[in-house]
Amino acid sequence: MAVQISPSILAADFARLADEAAAVPNADWLHVDVMDYHFVPNLTLGLPVVEALRKATATPLDCHLMIAEPDRWAPSYAEAGAGSVTIHAEASKAPVRTLREIRSLGARAGLALNPATAVEPYEDLLSEVDMLLLMTVEPGFGGQKFLDMVLPKVRRARALIERHGGRIWLQVDGGVDAETIGRCAEAGADVFVAGSAVYGASDPVAAIDNLRAAAIRQSA
Ligand code: DX5
Ligand code: ZN
């Protein structure tokens with residue numbers, strides 16, 4: 001299990017996104033939170049910004065679609081050059097089709113679950129998925145408090161993934177910082193989204209190094 005850190009640009013300065021991407025050269029991914037005022041009560045950015053960001057940085061884009069119609073829009077994010085496109089299970093009406101489309105366009109396909117959504121009903125979908133994202137806050141806003149209640153699900157998801165060959169990445173997103181990341185890693189997560197803990201730090205590069213070291217220390 002290789003630890004990866006995906007800083008969320010939701011906590012960056014939206015007027016200077018190219019500079020903010022360049023400020024985290026040690027990031028494995030840039031996490032891009034797409035919100036549409038429908039699936040979540042917030043609005044962020046969409047395809048034109050993802051296309052522009054793609055040209056402005058070599059860091060692969062990890063697009064997290066918190067939108068009401070992922071089946072309609074997710075393939076466009078793969079076409080725009082995102083390295084990974086994650087849709088929410090709660091919003092998708094045809095996840096098999098959409099996940100296959102994402103993959104056929106050359107991106108990794110991710111499936112996200114809100115804190116109250118159980119992982120077990122999605123076991124049969126794991127063959128269609130490259131990454132499982134478990135939300136550790138209710139989606140919609142950065143800077144929220146980490147929900148420890150999700151940790152047992154992280155453990156159960158890791159066990160399911162191992163039963164299916166261990167190929168799938170397990171991402172956690174929301175309230176991940178130097179204090180909470182160890183618990184996530186210990187429970188079996190291997191890809192860590194961090195917004196405020198990276199872009200709210202005076203030294204984002206050092207913040208990523210610290211998060212990575214803390215996760216590696218606790219990794220199973
Ligand atoms: C929340 C987003 C997260 C958010 C995380 O809906 O999906 O990616 O940016 O921000 P922090 O790390 O500040 O909780
Ligand atoms: Zn996110």
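Both ligands and their constituent atoms are indexed starting at 1 by order of listing. Both backbone and side-chain heavy atoms feed into the values below; hydrogens, waters and symmetry mates do not.
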Notebook entry, point to check: Taking atom CZ of Arg100 as the centre, does the number of heavy atoms from other residues, nucleotides or ligands within less than 6.0 Å exceed 12?
Noted result: no

Next item on the list: Look only at the side chain of Lys153 and the backbone of Thr117, and say whether a donor-acceptor pair between them is shorter than 3.5 Å.
Entry: yes

Checklist line | Contacts of type side chain to side chain contact (heavy atoms under 4.5 Å, CB included), residue Ala194, not counting sequence neighbours | finding: Ala197, Val198, Leu211

Next item on the list: Let me know which protein residues bring a heavy atom to under 4.0 Å of ligand 1; chain then number is fine for ordering.
Entry: Ser8, Leu10, His31, Asp33, Met35, His64, Met66, Met135, Pro139, Gly140, Phe141, Gly142, Gly143, Asp173, Gly174, Gly175, Val193, Ala194, Gly195, Ser196

Next item on the list: Describe, in one word, how the ring planes of Phe39 and His88 are oriented to each other, choosing from parallel (under 30°), tilted (30 to 60°) and perpendicular (over 60°).
Entry: tilted

Next item on the list: Enumerate the protein N/O/S atoms at a distance below 2.8 Å from the Zn ion (ligand 2), ignoring waters.
Entry: His31 NE2, Asp33 OD1, His64 ND1, Asp173 OD2

Next item on the list: Would you indicate whether the side-chain heavy atoms of Thr86 and Arg108 approach each other to under 4.5 Å?
Entry: no

Margin query: Assess the residue pair Phe146 and Cys184 against the criterion (side chain to side chain contact (heavy atoms under 4.5 Å, CB included)); give the C-alpha distance rounded to whole Å, side-chain angles, the decisive distance to 0.1 Å, and a yes or no.
Written below: CA-CA 10 Å; Phe146 180 82; Cys184 298; 3.4 Å; yes

Notebook entry, point to check: Would you say the side chains of Asp62 and His64 form a donor-acceptor pair under 3.5 Å?
Noted result: no

Check: Looking only at atom types and distance, does a side-chain atom of Asp71 sit under 3.5 Å from a main-chain N or O of Ser92, one as donor and one as acceptor?
Finding: no

Checklist line | Residues in side chain to side chain contact (heavy atoms under 4.5 Å, CB included) contact with Glu69, at least two apart in sequence or another chain | finding: Arg72, Trp73

